[in-house]
Amino acid sequence: MTQQVTTFEELGLSPKVLSAVKDAGYTTPTPIQAGAIPHVLAGKDVLGIAQTGTGKTASFVLPMLVRLERGRARARMPRTLILEPTRELAAQVEENFTRYGKNHRLNIALLIGGVSFEDQERKLERGADVLIATPGRLIDHFERGKLLLTGVEILVIDEADRMLDMGFIPDIERICKLLPFTRQTLFFSATMPPEITKLTEQFLQAPVRIEVAKPATTNESITQKLVKSGSKPWAKRARLRELIRAEGDELKNAIIFCNRKTDVSTLFRSLVRHEFDAGALHGDMDQRSRTTMLENFRKGKLRLLVASDVAARGLDIPDVSHVFNFDVPVHSEDYVHRIGRTGRGGRTGKAFTIVTKPDMKYVQAIEKLIGQQLEWYDGDLSTLTPEDEAEEKQTGKSGSRRRGKDSRQSRQKESPSRPAEKPATDKPAEESAAAEPAPARQEGQKARQQKAKASHEASAPAKDRQHRSAQDHGHSRHRGHEEKVVVGFGDFIPDFMKIPGKV
DNA sequence: AAAAAAG
């Protein structure tokens, strides 16, 4: 029988931690916290089966802080290691350590990709009490010899099933083998597929298993609707705008999920062009944009966030009133994760899924998974009019402006405009989306050209930029002026490197 | 068929 724990004080946490928890406004531990914290404090390995939104992060952060109160870190030898599948999740865990560790003097290092190595190296050099990392960057630092893992006292593997989905398991195995055998391991996963079970047998020693109920897969607090649409992208976008407008003030903020990164970009630009307060989030955006987007959305400075499945799981975005599936998720579990972004913490939420004819097989899979029939918002697909499937209507608005394939878009990291820089009506959204340059990543001549172009644009005064945008608007929007900024050859350009059709 | 993560 389990004793009902009602306060954090009963869990054996230290005064420093308790005071920080109190300041954060929490009084009652969640089931996973009540279950895990005493065992973590006792030094036991823990297998936590819990989803995000259950208070999982604090269930390891709080007791780890207590464990860290004794002893101190040595250079390049972190005392604890937390592995996360995505950069945003890693950053989120860091925030938790900062918030609850405010009465401690801890060195926290966050090792994630997409940002410079130098800061991270400095923090490692100083000696990290807490090291939070995504696997790729951690291994990178290790291979550069900036890191010794032989002093790790506690290892946390978070979102293990997602790591599996993302192909991180070999990395995890490799990292685990670098750690001392005597460490304590805390392992969290929302589900337990056979591969994960195998991992736990490999890396956990006599773990305490704590399983908490899923936060009701698709609970009653979420109103779910299917929305019929023509299959053309413009038709789906029009349908989405219609829905957003129809929800009016009831829609406080929303995440709009697309299946592909390119569709995130396209939809984001379309919404901005239609003067919606929108941002974008996907894995090919540069890290700075990802961070600011998420932050602005959390703070309520941004009403709509168009996102890939990077935002479907784990991210702590409280109080989202609506979720829109612009695309039906192909994996039905993703549906559950996506709509789980709303209706949290006892609030109500709405989830709309835009459905076209070819999507029906996925809808059926979703209905099977969640064990319920989803209702249609305004009639099923048989009630679509022929007009819905027609070619794009000429509305006379800028919405139908022809846009050629922009190769830059798919090859280079992009930085969508921030809400503060919401374009004026005379300035198309694309230009401002491209105005903030990202570092060129490709090798070779093309990359140097782009990089030179980017730094040129970055240093150009705003009005010059606007002027050029207006100029470029018509025929030669792409690389009209690039032949002047070739780097490394002076004025000489070898013939074979010249862009066909250019002088 | 796609996203994420090391470039």
Side-chain angles (χ1 to χ4, degrees), chain A residues 52 82-93 110-118 120-121 132-147 157-175 190 231 233 255-268 280-287 289-291 293-294 305-315 325-338 341 356 358-363 365-366 410-414 438-444 446-447 450-451:
Chain A
T52 31
I82 297 134
L83 293 171
E84 294 289 334
T86 69
R87 298 170 187 175
E88 276 77 12
L89 279 170
Q92 209 166 278
V93 171
L110 178 65
L111 304 190
I112 59 173
V115 293
S116 95
F117 282 86
E118 288 156 29
Q120 299 179 353
E121 279 173 11
I132 306 152
T134 47
R137 186 53 78 92
L138 181 82
I139 289 173
D140 211 335
H141 277 285
F142 182 79
E143 284 173 349
R144 287 159 184 248
K146 302 293 177 191
L147 188 59
I157 299 173
D158 199 11
E159 305 258 330
D161 49 351
R162 200 163 174 210
M163 301 252 201
L164 173 73
D165 288 346
M166 291 166 65
F168 279 155
I169 298 307
D171 288 344
I172 300 299
E173 288 177 326
R174 187 177 160 200
I175 293 164
S231 52
I255 305 183
I256 303 163
F257 286 103
C258 299
N259 287 356
R260 292 178 204 78
K261 289 181 278 201
T262 52
D263 294 339
V264 171
S265 308
T266 311
L267 179 59
F268 158 68
L281 186 70
H282 67 70
D284 273 358
M285 282 162 48
D286 67 81
Q287 192 54 41
S289 304
R290 281 169 71 161
T291 309
M293 281 295 172
L294 194 55
L305 185 68
V306 189
S308 68
D309 279 313
V310 70
R313 305 194 206 182
L315 286 192
N325 288 313
F326 184 75
D327 299 309
V328 180
V330 176
H331 285 310
S332 30
E333 319 87 72
D334 287 335
Y335 177 83
V336 179
H337 290 295
R338 287 180 182 186
R341 309 315 309 187
T356 70
D359 297 327
M360 277 315 292
K361 53 180 180 293
Y362 303 124
V363 171
I366 290 165
S410 55
R411 312 197 52 166
Q412 193 179 313
K413 301 235 175 194
E414 54 187 300
R441 311 178 73 224
Q442 307 96 318
E443 287 180 85
K446 207 169 181 180
Q450 285 192 340
K451 191 169 177 178

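Order of the sequence lines sets the chain letters (A, B, ...), proteins ahead of strands, with each chain counted from 1. Any value given below was found using the heavy atoms of this structure, including those in side chains, with hydrogens, waters and symmetry copies removed.
At a threshold of 4.0 angstrom between heavy atoms, the contacts of A/Asn259 are confined to the sugar-phosphate backbone, with no base atom among them. The residue A/Gly167 sits apart from the nucleic acid: no heavy atom pair falls under 4.0 Å. Within 4.0 Å of A/Arg290, counting heavy atoms only, lie sugar-phosphate atoms of the nucleic acid but no base atom.
Closest contact between the side chain of A/Phe117 and the listed nucleotides B/dG7, B/dA5, B/dA3 involves B/dG7. Checking B/dA1, B/dA6, B/dA4 against the side-chain heavy atoms of A/Val330 singles out B/dA1 as nearest.
Remark: A/Thr134 is in phosphate contact with B/dA6, judged by side-chain N or O atoms under 4.0 Å from OP1 or OP2. OP1 or OP2 of B/dA5 has not a single side-chain nitrogen or oxygen of A/Thr86 nearer than 4.0 Å.
As a whole-Å value, the separation of A/Arg137 CZ from B/dA4 C1' is 15 Å. A/Asp263 places its CG atom 12 Å from the C1' atom of B/dA1, with the value rounded to the nearest Å. Between the NE2 atom of A/His331 and the P atom of B/dA1 there is a distance of 11 Å, rounded to whole Å. Rounded to a whole Å, the CG atom of A/Asp171 is 14 Å from the C1' atom of B/dG7. Remark: P of B/dA4 and CD1 of A/Ile139 are 20 Å apart, rounded to the nearest angstrom. For A/Arg338 and B/dA3, the CZ to P distance is 11 Å, given to the nearest whole Å. To the nearest angstrom, P of B/dA5 lies 7 Å from CD of A/Gln287. Look at CZ on A/Phe142: it is 17 Å from P on B/dA6, rounded to the nearest Å.
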Walk me through whether A/Thr86 and A/Met166 qualify under side-chain contact (heavy atoms from CB on, under 4.5 Å). CA-CA 10 Å; A/Thr86 69; A/Met166 291 166 65; 4.3 Å; yes
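A/Glu118 pairs by the salt bridge (charged side-chain N to carboxylate O under 4.0 Å, His left out) definition with nothing, not counting sequence neighbours. Among residues two or more places apart in sequence or in another chain, the salt bridge (charged side-chain N to carboxylate O under 4.0 Å, His left out) test is passed with A/Asp327 by A/Lys236.
A donor-acceptor pair shorter than 3.5 Å can be found between the side chains of A/Asp359 and A/Thr356.
Looking at residues 158-166 of chain A, you'll see A/Asp165, A/Met166 sit with a heavy atom under 4.0 Å from some atom of DNA chain B.
Contact check for A/His282 versus A/Ser265: side-chain heavy atoms found under the 4.5 Å cut-off.
Because its NZ or CZ atom is not both nearer than 6.0 Å to the ring centre of A/Phe168 and within 45° of the ring axis, A/Arg162 does not count as a cation-pi partner of that residue.
Nearest approach of A/Cys258 to A/Val306, heavy atoms of both residues: SG-CG1, 4.0 Å.
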